[in-house]
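Reckoned from all heavy atoms, side chains included, excluding hydrogens, waters and symmetry mates.
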Amino acid sequence: MSVHPLDQRIVSVKPIAVPALGRSVELQVKVTAPLAGRDLPVIVFSHGNAWSLDGYEPLVDRWAAAGFVVVQPTHLDSRRYGIGWDDPRFAGIWRVRIADLHAVLDNLGDILLGVGGLEARVDRGRVAVVGHSWGAQTAGALLGTRVLDADGVPGEDFSHPAVAAGALIAATGTGDTLTPFAVEHLPFMRPDYSTMAAPTLVVAGGKDRSRLSTRGSDWFTDAYHLAPSPKGLLAVAEGEHTMGGVAGEAVAETTDEDPARVALVADAISAYLLDALKVDGSAWAAFNDAATDGGWSLSGK
């Protein structure tokens, strides 16, 4: 279902360089925004493994058409940089990813100034973070999630004061059922959601299966069940890890190509965030009224 007017024109500007420490290459972002409107809320989006600022247009364009300014950084794990699993730099990329989002938020004013007067049209008090897959774990850190070490001790707090809400698509579950591959290469995939206090919509697919965990699709609902309220859960019965193709049309890794499913995920997130950021609650109310239609359901706490 669509609950937003999606006919307004949007514009994208890239690349915009952002000051950032601890990187071997320059941090670059893409900004996508509606051509009209004022007091626009912001989404900072973290991509999944190997992607870049050039991906996820099916989501980003719908969010911009719904009235958001979307900022997309390219993280160091992007395939364009060639840093693979066995590269010694890979072990620290999860921290650099989080630092990338902090750099974007800390330099948001300058980023927006680089998009022809956009800074004056944005409400800097209404900022959300969203991520898919690895990007969901990255975004979750700014919402208050911590990483447990091998002894179960929570690591540092990476939350950011500018972030008021968020959405996590196919987010990593708890780390007690990681496969040997994940334990070796991705030991940071041990999230502690008990401190993720910010309002967050968790999006999980009923047919999502990960080679990183021995659990089934319920692994991707941990961010909802283990985090304190307020939280929402969009459960998409037929959704697999790419939720119909959120990274782009006809992308090779998509196993469940379905543009309608992508639109559902995009519109649910924009509706939730418009409500959570106190912009407009009508779209989210409409989603709640339509819940259980079309193979998806909403839960809240």
Inset, instruction - Compute whether any side-chain donor of one residue and acceptor of the other, for S133 and H241, lie under 3.5 angstrom apart. - result: yes

Legend entry - side-chain contact (heavy atoms from CB on, under 4.5 Å) evaluation trace for V31 with V69: CA-CA 7 Å; V31 177; V69 172; 3.9 Å; yes

Legend entry - Side-chain donor-acceptor pair present, R215, T177, cut-off under 3.5 Å: no

Legend entry - Side-chain donor-acceptor contact under 3.5 Å, T179 with R211: no

Legend entry - Parallel, tilted or perpendicular: ring planes of F181 versus W85, cut at 30 and 60 degrees: perpendicular

Legend entry - D222 side chain to T174 backbone, donor-acceptor under 3.5 Å: yes

Inset, instruction - Report the distance from atom OG1 of T200 to atom CD1 of I269, rounding to the nearest 0.5 Å. - result: 11.0 Å

Inset, instruction - Flag yes if more than 12 heavy atoms outside E249 fall under 6.0 Å of its CD atom; otherwise flag no. - result: no

Inset, instruction - Mark yes when over 12 heavy atoms from residues, nucleotides or ligands other than K301 sit less than 6.0 Å from its NZ; otherwise mark no. - result: yes

Inset, instruction - Look only at the side chain of T145 and the backbone of G140, and say whether a donor-acceptor pair between them is shorter than 3.5 Å. - result: yes

Inset, instruction - Determine whether I169 and L59 make a side-chain contact, defined as any pair of heavy atoms from C-beta on separated by less than 4.5 Å. - result: yes

Inset, instruction - Could you tell me whether R23 and D100 make a salt bridge, using a distance below 4.0 angstrom between a side-chain N and a carboxylate O? - result: yes

Inset, instruction - Indicate yes or no: does R62 engage D267 in a salt bridge with an N to O separation below 4.0 Å. - result: yes

Legend entry - Polar side-chain atom of D192 near backbone of V147 as donor-acceptor pair, under 3.5 Å: no

Legend entry - Verdict with reasoning, H185 to D86, per side-chain contact (heavy atoms from CB on, under 4.5 Å): CA-CA 8 Å; H185 295 282; D86 297 320; 3.3 Å; yes

Legend entry - Side-chain (S213) to main-chain (L178) donor-acceptor, under 3.5 angstrom: no

Legend entry - Audit row: V44, H102, side-chain contact (heavy atoms from CB on, under 4.5 Å) steps and yes/no: CA-CA 10 Å; V44 178; H102 275 262; over 6 Å; no

Inset, instruction - Verify, without hydrogens or angle tests, whether R38 (side chain) and A120 (backbone) share a donor-acceptor contact under 3.5 angstrom. - result: yes

Inset, instruction - Give the intermediate values and the outcome of side-chain contact (heavy atoms from CB on, under 4.5 Å) for residues W284 and L274. - result: CA-CA 8 Å; W284 186 238; L274 287 171; over 6 Å; no

Inset, instruction - Please work out which of the three classes, parallel, tilted or perpendicular, describes the rings of W94 and F158, given edges at 30° and 60°. - result: perpendicular

Inset, instruction - Verify, without hydrogens or angle tests, whether K231 (side chain) and A223 (backbone) share a donor-acceptor contact under 3.5 angstrom. - result: no

Legend entry - Salt-bridge criterion met for R261 and E240 (N-O under 4.0 Å): no

Legend entry - OH on Y193 to CD on Q137, rounded to 0.5 Å: 6.5 Å

Inset, instruction - Mind running side-chain hydrogen bond (donor to acceptor under 3.5 Å, both in side chains) on H225 and D218 for me, showing each step along the way? - result: CA-CA 10 Å; H225 292 295; D218 65 306; over 6 Å; no

Legend entry - Spacing of CD belonging to E257 relative to OG1 belonging to T242, to within rounding of 0.5 Å: 7.5 Å

Legend entry - Whether F188 and W134 hold their rings parallel, tilted or perpendicular, with breakpoints at 30° and 60°: parallel

Legend entry - Check: R121 side chain, G37 main-chain N or O, donor-acceptor pair, under 3.5 Å: yes

Legend entry - Main-chain N/O of L277 paired with R126 side-chain donor or acceptor, under 3.5 Å: yes

Legend entry - D149 (side chain) donor-acceptor with D151 (main chain) under 3.5 angstrom: yes

Legend entry - Side-chain touch T32/E57, heavy atoms, less than 4.5 angstrom: no

Inset, instruction - Please name the residue in the list L21, V18, L76 that meets the side chain to side chain contact (heavy atoms under 4.5 Å, CB included) test with L27. - result: V18

Inset, instruction - Could you point out which residue of Q72, H47, H132 forms a side-chain hydrogen bond (donor to acceptor under 3.5 Å, both in side chains) with Y56? - result: H132

Inset, instruction - Answer yes or no: is there a donor N or O on one side and an acceptor on the other, between the side chain of S52 and the main chain of S78, under 3.5 Å? - result: no

